[in-house]
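If you're wondering where the values come from, they're calculated on a predicted model, not measured in any experiment. A, B, ... follow the sequence lines: proteins, then strands. Residue 1 opens every chain.
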Amino acid sequence: MKINLISIICLISIFNGLLAQDTEIEENSTGLYQIEGKVYPPELSTDENYKNWVQDTEIVVNSGEFKGYLKSDGTFVINRVPSGSFVLEVLSPNYVYEPVRVEINSKGKFRARKVNYIQPSQVIQLPYPLKLKALTTFRFFQQREQWKITDFIFSPMVLMMILPLILLVLLPKIMNDPEAKKEMENLQLPRFGGGDMPDVSEMLSKFLGGGTQQQRPQQQQASDRSKNKRRNNNN
Amino acid sequence: MGKLTSYSVVIFVILNLIISQCNALYEDQIGLFDWRKKFVGKIKFGHFDATNADKAIIATDENVLAAISSKNGDILWRKVFEKENTRGEIKFLHVTKNSKSVTSYNEQNPFDVITVNGYNPILFRGWDMNNGNLIWEWAITPTTTNPEESMFFFNEFNIYHVLPVWNSHIEVTEYHASTGQPTKSTSSMISAGWINKDRCVLSSQYFACVVKEQLLVLDLLAETNNIRTKALESPATLIKVLRGQDNYIQVGRQVISLDDLKIVFENRDDDEVYIENSNILKLTQSNKNLKITSDEQEVTELNDLPETLDNNLQIITSKCKPKRENPNQLACRLLVSTDDGALALIQQGKIKWIREEALTKITAVEFLELSLSDAQGAMEEELNNADEEYSNSDILSSMYRRLHSQYSTVKNIVLQVLGLGAPPSFSQRAGLVRDDFGLHKMMVIMTQSGKLFGIDNVSGKQHWVKILKNFEGFANGQSAKLLIQRTSKYYPHPAQCAIIAKDKNTGNGILYQFNPISGQSIDKGVMNLNFKIQYASLLHEQGENFLRGILLVDDKNNVHVLPETSLKQVDGFFLYTVNKPSGILTGFLLQYDEKTNTANMMPTWTVNLGGTDNEQKITHIASKNAIERVHSQGRVLADRSVLYKYINPNLIAVVTEGPDSIHKYILNVYLIDVVSGAVVFSMSHRRAKGPVKIVHSENWLVYSFYNEKIRRNEITSIELYEGKVQTNSTTWSSLNSPPVPLVERQTYIFSSTIAALRETITEKGITNKHVLMGLETGSVLEMPWMLLDPRRQSMVPPEKQREEGIIPYIPELVVQHENIINYNQTIARINGIYTAPSGLESTCLVLVYGLDLFVTRVSPSKTFDLLKEDFDYFLISTVLIGLITASYVVKHLAAKKTIKQAWK
């Protein structure tokens with residue numbers, strides 16, 4: 001009986017203690033919590049925006065439902081936030097920060113993780129209190145194209161002009177070389193079906209090679225030869 | 001898996017290609033055609049800094065804390081608090097009066113500005129005045145039922161939270177300012193059954209109430225309850241705290257010091273009174289004349305007050321010192337504000353600067369083309385005459401006219417040079433003449449307070465301002481209407497706009513017609529109508545002098561038309577009305593009765609979107625832009641057939657939102673033909689809620705919402721097609737049972753919350769359409785339609801079936817930083833985007849408004865009708881000159897060669 005009594009008293013006291021603890025938590029928190037963190041500016045930043053970065057930076061939770069502001073050392077707090085899941089963003093006009101999802105459960109436990117809209121179940125945990133580092137600076141602008149000689153040379157217009165020029169200058173020279181000529185003839189043979197097709201190389205050389213008059217008879221012979229050959233082939 | 005990665009590589013490459021095609025700014029284009037103006041809102045509290053008053057710390061009704069330079073009115077720093085008043089509303093602002101910063105006990109964190117925000121929770125913050133950095137922050141959650149009536153005062157190191165419980169007691173809690181520690185274990189309750197709402201004020205530590213013919217003053221810092229009373233001469237109804245020095249209140253017409261309860265001033269004319277170092281500054285304003293006096297001595301007088309300040313000026317804060325030459329007189333620097341929010345600094349009888357804070361609450365915008373220059377106008381006149389007399393004119397007479405006009409132009413120029421000619425017109429003088437490309441326009445802006453602005457879109461200069469008295473928007477959150485009755489195209493008739501609003505006192509309609517370029521009112525100015533307005537719009541056709549009439553329907557369904565001669569035109573006019581809370585849309589047909597010369601309204605259809613228990617409320621209605629033109633009738637498919645667009649000009653999109661027992665929230669979107677009342681298409685999103693933003697154009701609809709289930713923002717796009725045959729290519733009739741459209745739809749994930757959506761618009765609709773997205777982060781994103789296209793498919797079709805310009809579907813829309821058109825010029829609290837075509841087909845003018853204003857241009861298909869800005873004139877001219885010289889040189893050389901050849 002005595003033991004029973006004692007145990008009952010014990011139980012009651014434990015129970016009381018539990019109750020007291022519960023009420024204490026409630027009194028302390030009233031179900032509202034404080035999100036804390038620190039924002040780091042980009043390292044080695046030299047641009048003019050850098051000196052105002054604390055002033056220009058804002059912490060926004062759920063696109064403006066709760067807002068926080070930075071102290072000069074980059075720390076921030078967001079007071080009296082209920083439990084739930086929140087997306088915390090660092091808004092800075094010049095620096096890119098990654099948003100963070102902060103989850104507070106009903107007991108006041110915090111969890112920070114990467115925001116993933118496509119696979120919401122995937123959890124990549126981040127340290128809490130939050131440490132937010134700038135990824136890069138925003139790149140809003142296109143680069144103007146610089147004028148370069150290579151761009152100019154390789155532009156289609158210029159290529160179209162240069163290729164015919166090369167043809168004009170080089171082809172007659174090649175024609176003058178007798179060995180090359182022979183080769184050309186051999187190559188061209190199967191191409192021309194009819195005998196009445198004018199010879200391109202001949203025409204070209206005639207047209208351009210003003211100073212090759214002495215070689216004309218030779219050429220004539222060569223073309224005659226080729227014609228004969230063609231005839232033979234036809235036969 | 002390999003396949004998947006290869007797909008993703010392909011997609012990435014394609015995306016990159018597209019993105020590189022997209023327009024982005026070059027760095028040297030900053031500020032070339034865009035400008036931003038930052039605002040803070042209408043001032044609520046304001047104090048100069050204590051040392052030399054070179055900046056003012058102000059708190060506004062837009063929940064903004066800012067420091068403003070006294071020199072030029074620029075914002076030195078600005079903190080924008082939460083939009084919702086529960087957390088954001090600024091309740092209290094304290095700026096240290098001594099030149100030293102307030103330091104806490106341990107002398108560590110000097111702070112000079114304290115703000116108290118919101119009522120649930122109440123957030124206390126200390127700021128550094130010089131750079132706006134936060135020094136400390138803490139919060140309390142009040143447990144009472146009326147936390148929004150909290151009052152605060154600051155004393156030495158402590159903040160006192162005063163919570164009156166009307167007709168019962170006052171609860172005072174003392175906190176140590178920089179830590180938020182309560183200094184006492186409990187808050188003190190002071191029983192005071194006599195306190196009454198609207199009859200009590202708090203001025204620093206004194207709680208003062210008017211009870212019948214007595215003034216009761218309670219010192220909240222006193223150890224014992226000490227209530228002092230003062231008998232008033234007559235029962236006063238008005239009790240207010242005076243700005244400036246603490247502990248001065250105005251009861252009835254008497255200014256009383258709360259320290260000794262003496263009447264220090266009798267405010268007989270009921271002027272604005274301000275206390276500065278025990279000096280009473282009295283502000284009297286009459287007929288564009290402003291006078292500030294102190295003890296019958298004049299401090300400042302302004303004779304020609306600009307119109308923008310002519311609206312109940314109030315002194316917000318001041319810094320005065322005795323004049324050097326005459327110590328009895330005061331020299332003051334005064335910060336004054338008007339009812340609409342204009343903020344000005346007056347010093348030495350001059351207005352140093354004016355800030356137009358009414359522009360934070362823009363309700364309607366129109367861009368208007370400027371008028372012709374005098375010379376162009378003369379030319380136009382000649383051509384007009386030619387047209388009129390064409391039938392009975394011969395060559396000789398038109399020749400004569402031409403010569404005559406040329407003669408008069410020359411004469412005008414000569415006279416102008418000699419300074420004898422007719423003075424140039426207003427618009428010529430102001431530089432408000434049309435430019436070659438139609439890029440220069442006048443922005444007519446209407447604000448919530450009834451202040452109208454005419455602002456130049458190129459320079460940002462404010463050309464005119466007009467304050468409409470007793471002005472109010474319509475019920476159900478509908479703003480007043482700004483209508484363009486005639487554009488500037490009809491020379492010599494000037495452009496004409498009209499504003500239709502509600503009278504604040506009577507509830508009847510107000511009509512104000514004006515010239516949008518000069519800002520001058522037309523006819524009688526503001527016209528008070530003797531009926532309440534239910535519906536207002538422009539007529540479709542032009543009446544006399546190319547003026548479009550205004551159709552008004554009063555609350556008794558009577559039809560009014562202004563001018564009355566246009567009444568005939570309402571015959572066959574279809575209109576619809578919406579009851580947002582009940583979700584009912586009703587269509588009407590107007591018919592004109594020739595015998596009685598009246599028009600009557602006939603209901604034709606009713607649609608109830610309220611759902612079963614009337615849970616669904618209409619939240620948004622999106623119609624197409626009236627000036628929109630659709631250039632391309634269809635879309636070419638991969639097999640070279642054409643899919644025709646369903647372009648119904650009478651189609652509107654209606655969004656309803658409401659709770660649901662199973663899915664928590666349901667969001668419905670309906671496409672309704674408002675002539676026939678047919679519901680063309682409807683969609684339902686479960687567990688989706690607002691804020692919905694929607695844009696409707698051509699044959700498509702894009703809207704954004706929040707998906708509760710997966711906790712992300714999504715964008716849905718819908719496209720409507722008639723099919724492979726077009727029923728009628730020339731005219732559209734909603735009544736001839738048009739075909740049911742084919743619907744393409746797709747939803748995308750978007751990482752940011754969208755604050756505003758708008759499509760770009762151009763003159764002829766040839767240029768691609770992009771969707772401009774104002775984000776909550778303050779950026780404005782130009783999203784190519786190609787990325788939102790609902791015909792993007794997740795399965796990549798084989799090469800042959802692939803349509804031109806269609807990218808494979810990927811669920812997330814990526815924010816490309818190059819597509820942010822306002823680069824680092826973020827716009828706080830974007831509220832809306834307005835787009836207008838320019839004279840160039842490629843270019844669309846954009847105004848983004850919210851707390852700030854941002855004006856820019858976008859060219860969705862690049863400026864194909866202009867030479868590129870970086871067009872290399874130098875290169876092309878050197879190449880040309882080089883070629884010419886080369887050809888001459890070569891000619892010469894060739895001649896030489898032939899001569900040589902001839903000698904051989």
Side-chain angles (χ1 to χ4, degrees), chain A residues 30-32 34 49 51-52 54-56 58 60-81 84-87 89-96 99 101 115-121 136-145 147 152 157-158 210-211, chain B residues 20 23-30 77 79-84 87-88 120-123 125 127-128 131-141 143 710-713 749-753 755 775-779 811-812 817-818 820 822-826 829 870 872 875 897-898 901 904:
Chain A
T30 56
L32 297 169
Q34 191 180 49
N49 301 314
K51 66 171 195 279
N52 282 339
V54 174
Q55 214 185 87
D56 295 340
E58 255 182 8
V60 169
V61 177
N62 280 6
S63 310
E65 201 181 331
F66 311 111
K67 279 184 155 189
Y69 305 91
L70 297 191
K71 292 182 186 171
S72 48
D73 60 352
T75 56
F76 67 90
V77 288
I78 294 162
N79 278 304
R80 309 280 148 162
V81 180
S85 172
F86 306 96
V87 176
E89 290 168 281
V90 181
L91 296 191
S92 161
N94 299 302
Y95 306 119
V96 188
R101 190 177 281 283
V115 177
N116 190 339
Y117 289 115
I118 297 167
Q119 290 165 290
S121 53
T136 51
T137 51
F138 276 110
R139 284 187 56 226
F140 298 111
F141 303 107
Q142 266 182 324
Q143 288 293 313
R144 275 225 191 266
E145 275 174 36
W147 194 83
F152 175 73
M157 289 282 274
V158 174
Chain B
S20 61
N23 254 353
L25 282 171
Y26 295 108
E27 196 151 6
D28 50 55
Q29 285 177 320
I30 292 177
W77 51 264
K79 298 285 158 186
V80 182
F81 297 113
E82 288 92 340
K83 209 188 316 183
E84 296 301 321
R87 270 183 92 96
N120 187 25
I122 303 173
L123 298 148
R125 294 184 178 104
W127 307 89
D128 185 338
N131 52 22
N133 289 349
L134 186 74
I135 307 290
W136 48 260
E137 174 172 350
W138 48 273
I140 56 166
T141 319
T143 46
I710 323 178
R711 294 187 303 217
R712 65 188 180 200
N713 294 300
I749 301 164
F750 195 65
S751 54
S752 301
T753 306
L775 309 182
E776 286 287 354
T777 59
S779 313
E812 191 168 17
H817 298 162
E818 285 98 337
I820 295 173
N822 61 336
Y823 46 104
N824 67 357
Q825 307 282 300
T826 51
R829 280 206 208 122
D870 56 349
D872 212 331
L875 181 74
K897 197 168 186 185
T898 42
Q901 213 101 85
K904 266 183 187 172

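Using modelled atom types, no side-chain atom of A:Gln142 and backbone atom of B:Glu818 make a donor-acceptor pair closer than 3.5 Å. Looking only at distances, no side-chain donor or acceptor of A:Arg80 sits under 3.5 Å from a matching main-chain atom of B:Pro121. Between the B:Glu27 side chain and the A:Phe141 main chain, no donor and acceptor come within less than 3.5 Å of each other. A:Lys67 places a side-chain N or O within donor-acceptor distance of the main-chain N or O of B:Val80, the cut-off being under 3.5 Å.
Using a 4.5 Å cut-off on side-chain heavy atoms (C-beta onward), A:Pro120 and B:Arg711 make no contact. For the pair B:Glu776 and A:Glu89, the minimum side-chain heavy-atom distance is 4.5 Å or more. Contact of the B:Asn824 side chain with the A:Phe140 side chain is registered, since non-hydrogen atoms from C-beta on lie closer than 4.5 Å.
Scanning all heavy atoms of the two residues, the minimum distance from A:Glu65 to B:Glu82 falls at O-CG, 3.4 Å. Scanning all heavy atoms of the two residues, the minimum distance from A:Ile78 to B:Arg87 falls at CG2-NH2, 4.1 Å. Nearest heavy-atom pair, B:Lys79 versus A:Val54, reported as atom, atom and distance to 0.1 Å: NZ-O, 4.3 Å.
A:Ile118 CD1 to B:Ile710 CD1: the interatomic distance, rounded to the nearest 0.5 Å, is 11.0 Å. The OG1 atom of B:Thr753 sits 8.0 Å away from the CG atom of A:Asn62 when rounded to the nearest 0.5 Å. Here NZ of A:Lys71 is found 13.0 Å from CG of B:Asp128. Values are rounded to the nearest 0.5 Å. Rounded to the nearest 0.5 angstrom, B:Tyr823 OH and A:Phe138 CZ are separated by 15.0 Å. One finds the CG atom of A:Leu70 at 8.5 Å from the CG atom of B:Leu134 (value rounded to the nearest 0.5 Å).
Ranked by heavy-atom pairs shorter than 4.5 Å toward chain A, the options B:Phe750, B:Trp127, B:Phe81 are led by B:Phe81. Interface check for chain B: of the options A:Gln143, A:Arg101, A:Gln34, the most heavy-atom pairs under 4.5 Å are formed by A:Arg101. Residue with the most contacts toward chain B among A:Ser121, A:Pro93, A:Ser92: A:Pro93 (heavy-atom pairs, distance under 4.5 Å). Of the listed residues (B:Ile820, B:Asn133, B:Thr143), the one with the most heavy-atom contacts under 4.5 Å to chain A is B:Asn133. Counting heavy-atom pairs closer than 4.5 Å to chain A, the top-ranked of the candidates B:Gly778, B:Ser751, B:Ala755 is B:Ser751.
For B:Thr826, the part lying under 4.5 angstrom from a heavy atom of chain A is the side chain only. Contacts between A:Leu91 and chain B at a heavy-atom distance below 4.5 Å involve the side chain alone, from C-beta outward. Contact annotation for A:Val77: both backbone and side-chain heavy atoms come within less than 4.5 Å of a heavy atom of chain B. Contacts between B:Glu137 and chain A at a heavy-atom distance below 4.5 Å involve backbone atoms as well as side-chain atoms. Only the backbone of B:Ile140 comes within contact range of chain A, with heavy atoms under 4.5 Å apart. With a 4.5 angstrom heavy-atom cutoff, B:Asp28 touches chain A only via side-chain atoms. Neither the backbone nor the side chain of B:Arg829 has a heavy atom closer than 4.5 Å to any heavy atom of chain A. Neither the backbone nor the side chain of B:Ser779 comes within less than 4.5 Å of any heavy atom of chain A. Both the backbone and the side chain of A:Phe66 have a heavy atom closer than 4.5 Å to some heavy atom of chain B. Using a 4.5 Å cut-off between heavy atoms, B:Gln825 does not touch chain A at all. For chain B, no part of A:Val115 is nearby; none of its heavy atoms comes within less than 4.5 Å. With a 4.5 Å cut-off on non-hydrogen atoms, B:Trp138 touches chain A through its backbone but not through its side chain. In this structure, chain A has a heavy atom under 4.5 Å from the side chain of B:Asp872, while its backbone stays farther away.
Environment of CD in B:Glu812: crowded, with over 12 heavy atoms of neighbouring residues, nucleotides or ligands closer than 6.0 Å.
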